[in-house]
Structures are given as C-alpha cells and as structure tokens.
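Reckoned from all heavy atoms, side chains included, excluding hydrogens, waters and symmetry mates. Model, not experiment: these values are computed from the prediction.
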Amino acid sequence: IYAICTTLDAGYDGDKKKILDSGIKVGDKIELENACVGGWSTSVYLVGYEGSFNSVFFDFVDENGEEYDIYHNKDFQSYW
C-alpha cells in the first residue's frame, strides 16, 4: 500500500510543521509501513520516515494504483 501526499495545508499546526520538516512534497508516493486508525484521528507510518503523520495529508493506493481504503480495513483498525 502506498500513501500519496495530496496537500501540505491540512490538520493542526503541529501536523503541518512535521510534514513540512520531513521534506515530503505534494505528489510524493511513499510506501505505507503501518497505519493506526482511531475514532478521531489516524496516524500513518511511512517507509523511510521517522515517526507518524496525520493521514489528512494523503490518499492511499494499492500496488496497481487503485484507491485503497485504510479506514475500513481491519488490518489498520486500532480500536477493534
């Protein structure tokens, strides 16, 4: 599964600072290491980057480029 950065202007100020400081740019496609989907927020962990990012910055696709819904996939549900 891959995360594609769609915006750098979303989330809380701390979220914005973290993604800007990481060097990730709009359009970057990065392999998803893990995601923790919660009731109010979702953290994504990306291969090659330290820590987590708010999912609001990304869309997700599978290896074929098809849209992938991490929010309704049991593999990523932290509250199940």
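When every heavy atom of Y2 is checked against every heavy atom of E63, the shortest pair comes out as CE1-CA, 4.1 Å. Nearest heavy-atom pair, G23 versus D28, reported as atom, atom and distance to 0.1 Å: O-OD2, 4.2 Å.
A donor-acceptor pair under 3.5 Å is absent between the side-chain atoms of N64 and the main chain of E66, judged by distance alone.
With contacts defined as side-chain heavy-atom distances shorter than 4.5 Å, the pair H72/D69 qualifies.
Within the model, atoms CD1 of I1 and CD of E33 stand 14.0 Å from one another, a figure rounded to the nearest 0.5 Å. Distance CD1/I19 to NZ/K25: 11.0 Å, rounded to 0.5 Å.
Contacts of D9 classified as side chain to side chain donor-acceptor pair (under 3.5 Å), with partners at least two apart in sequence or in another chain: K16.
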Evaluate I70 against L32 for side-chain contact (heavy atoms from CB on, under 4.5 Å), listing each step before the verdict. CA-CA 10 Å; I70 67 166; L32 181 67; 4.1 Å; yes
Name the atoms and distances for all side-chain donor-acceptor pairs under 3.5 Å in residues 39-61, with sequence neighbours left out.
| from | atom 1 | to | atom 2 | distance (Å) |
| --- | --- | --- | --- | --- |
| N54 | OD1 | V56 | N | 2.9 |
| N54 | ND2 | D15 | OD2 | 3.0 |
| S55 | OG | Y71 | OH | 3.0 |

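Hydrophobic clustering (ILVMFWY, side-chain heavy atoms < 4.5 Å, transitive): V26 and I30 are in one cluster.
Within a 6.0 Å radius of NZ in K17, no more than 12 heavy atoms belonging to other residues, nucleotides or ligands are found.
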